[in-house]
There are 2 protein chains.
Amino acid sequence: MRPHPDQNTGLRPADSKANDPIACDSCPVREISVCAMLPREQRKIIANRSHNRKANKGDVLALEGDRVTHVASVTSGVVKMTKTLSDGRQQIVGLAFASDVVGRPFADDTAVRIEAATDATLCSFEKSHFEQLLREHPAFESLLLKVKLDELDAAKDWMLLLGRKSALEKVASFLAMLADRQLAPDGTRMPKAAAVTVELPLSRAEIADYLGLTLETVSRQFSKLKDAGVIVLDDGRAVTVPDRQKLAALAGN
Amino acid sequence: MRPHPDQNTGLRPADSKANDPIACDSCPVREISVCAMLPREQRKIIANRSHNRKANKGDVLALEGDRVTHVASVTSGVVKMTKTLSDGRQQIVGLAFASDVVGRPFADDTAVRIEAATDATLCSFEKSHFEQLLREHPAFESLLLKVKLDELDAAKDWMLLLGRKSALEKVASFLAMLADRQLAPDGTRMPKAAAVTVELPLSRAEIADYLGLTLETVSRQFSKLKDAGVIVLDDGRAVTVPDRQKLAALAGN
DNA sequence: CGAGTGCTTGAGGGAAGTCAAGATTGGTGG
DNA sequence: CCACCAATCTTGACTTCCCTCAAGCACTCG
């Protein structure tokens, strides 16, 4: 593997923080985030202890080994978590979409670098406040546990992909994952048959880092899928999947 | 990848269950398992709701897609969790050692096959009882959350390994992991300098499935490490590491 | 319009996979 | 106790998939 060039260091937390109090009632993820478990009147507690945070694409929210100061729920955009070997080889070990939690409660420092993959907004808590919420509201803690158990299952799927799938299967799996999580305009999941257009939140290089490949190999698999008629490359960053079944078939499993 | 041959199907849960009540006070993992968080008098609750379970090497505790009926804490031995692609390619996605929890609370069925990698004993709960314990004892749930967050961190490390490390680094990492978790006879962790002998809980084929390699490649890396003097192969299953620093250096990171 | 960035494509090489013997080990029964 | 057999592990020769290196192409933006 070729080591990675140094990347845009972006803004550190203190710089890009915006202390607008959160309006939970209009929060775009209020029904699906961990907060959803709290009874309405207790959301005030959240509002008082959290703040909105805007991050621009490329902004680094935490470096590998950093002291953990905040825990946040993603309200829009995509945040990536990466780990890096000493010689620069890099692996994306997690993607956080809207309603996902980033940051590590109950640990002194992060084992991962946290970075905005797209422009993003977060509902951010000071770590100690977040942990206090967990202690005081078992329903909140319980929901976080369920969320993390789901994440663990997803991580196991990803381990299968990284360890055993071919390059083509990896790319197909990645696109299938994005297509499946794609929501119709009304917020419901797309019907299984319908064509879906996916706006890729990652560059070719980032997809490579996610799949354990090189950018060139990723690009070649995109071309292969295009030639096979499984995807349409609207432009570099937007992909249409006419038939998700066909894509899923190539994903292995 | 070559598909795997079918493996010993072993015993299903109902067959190998032994209903001895658990003696928590003499439980080998009472200080480190999730149970440790419960105040002494509440351990009775555990004793009443759990039972000892012996599993022989190769016994299958659950198949991929099985309904989850039990959640258990490993009290001795090693249990492996695997995922399999339709053509038989296999990946070990988790190893549970003494004090680790296997089984999936809050889900209808397992996403992984659970199998004893060595002879093992477990402290097993009916899933509904386990979930009830979590609900009634926030401290218990809280500890489980912390344990699962640690597992998630470990999974991320493993994703880095699977996606980006060379075969030699993978094998070195695996041996380093085992050496580090090896305990001195008195139960404390070994001093960093001391030579450690590790009894491998997995066959070459299983190590390959854990590392995303083939058995032949694993064997070659063992030979390479032996020739380099980094390890001594006492026999096929026991490895001595004279200098863990040297091994760690080869593990990458 | 030229420079910069990100993506695609090609040619060649190398690390790990595949296929195929052997070598060890461990268990079983004569 | 030792001979035999099956299972596991090691080693070798060859192949393949993906990585590396290197152009060339397509946008975007000053």
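Keep in mind the model is a prediction, meaning the values are calculated, not measured. Chain identifiers are assigned alphabetically (A, B, ...) following the order of the sequence lines, protein sequences preceding nucleic acid strands; residue numbering begins at 1 within each chain.
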* To do: Rounded to the nearest angstrom, tell me the gap between atom CG in B:D234 and atom P in D:dC9.
  => 15 Å

* Asked: Would B:D209 and B:R204 pass as an ion pair if we require N to O under 4.0 Å?
  -> no

* Asked: What's the closest nucleotide to the B:S219 side chain, out of C:dT8, D:dT11, C:dC7?
  -> D:dT11

* Charged N to carboxylate O below 4.0 Å: is that the case for A:E206 and A:K80? -> yes

* Specify the separation, in whole Å, of atom CZ of A:R204 and atom P of D:dC18. => 18 Å

* Return yes if the base of D:dC9 and the side-chain atoms of B:E216 contain a donor-acceptor N/O pair under 3.5 Å, otherwise no. => no

* To do: Measure the distance from CG on A:L162 to C1' on D:dC18 and round it to the nearest whole Å.
  => 15 Å

* To do: Have a look at B:L200 and say if it touches a base, only the backbone sugar-phosphate, or nothing, with a 4.0 Å heavy-atom cut-off.
  => nothing

* Mind calculating the distance between NZ (A:K165) and P (D:dC17) to the nearest angstrom? => 18 Å

* Asked: Rounded to the nearest Å, what distance is computed from the NZ atom of residue B:K57 to the C1' atom of nucleotide C:dG26?
  -> 11 Å

* To do: For B:S166 and for A:S223, find the nucleotide of DNA chain C with the closest heavy atom, then tell me which residue's nucleotide is more 5'.
  => A:S223

* Among side-chain atoms of A:N253 and A:K165, is any donor-acceptor pair under 3.5 angstrom? -> yes

* Please state how far atom CZ in B:F222 lies from atom C1' in D:dT8, giving the value in whole angstrom units. => 13 Å

* Asked: Taking the side chain of A:L213 as its heavy atoms from C-beta onward, which of D:dC19, D:dT10, C:dA16 lies nearest to it?
  -> D:dC19

* A:Y210 and A:W158 aromatic ring geometry - parallel, tilted or perpendicular at 30°/60° bounds -> parallel

* To do: Nearest 0.5 Å please: distance from the CD atom of B:Q90 over to the NZ atom of B:K83.
  => 12.0 Å

* To do: Taking only the side-chain nitrogens and oxygens of A:R237, find out if one of them lies under 4.0 Å from OP1 or OP2 of C:dC7.
  => yes

* **Exam field: side chain A:S173 to backbone A:E169, donor-acceptor pair closer than 3.5 Å** => yes

* Between P of C:dG22 and CG of B:L215, the distance in whole Å -> 18 Å

* Asked: Any idea how B:H70 and B:H51 line up, ring-wise: parallel (<30°), tilted (30 to 60°), or perpendicular (>60°)?
  -> perpendicular

* Tell me which nucleotide among C:dC7, D:dC19, C:dG17 gets nearest to the side chain of B:T214. => C:dG17

* Asked: Just how far, in rounded Å, is C1' of C:dA16 from CZ of B:R89?
  -> 15 Å

* So how far off straight is the helix from C:dC1-D:dG30 to C:dG30-D:dC1, going by the axes through five pairs at either end, to 10°? -> 30°

* Asked: Nearest nucleotide by nearest heavy atom, which residue falls closer to the 5' end of DNA chain C, A:G236 or A:R220?
  -> A:G236

* Asked: Would you say the side-chain atoms of A:T240 and A:D234 include a donor-acceptor pair closer than 3.5 Å?
  -> yes

* Side chain of A:S203: nearest nucleotide among C:dG26, C:dT8, C:dC7? -> C:dC7

* Base, sugar-phosphate, or nothing: which does B:L233 touch, judged by heavy atoms less than 4.0 Å apart? -> sugar-phosphate

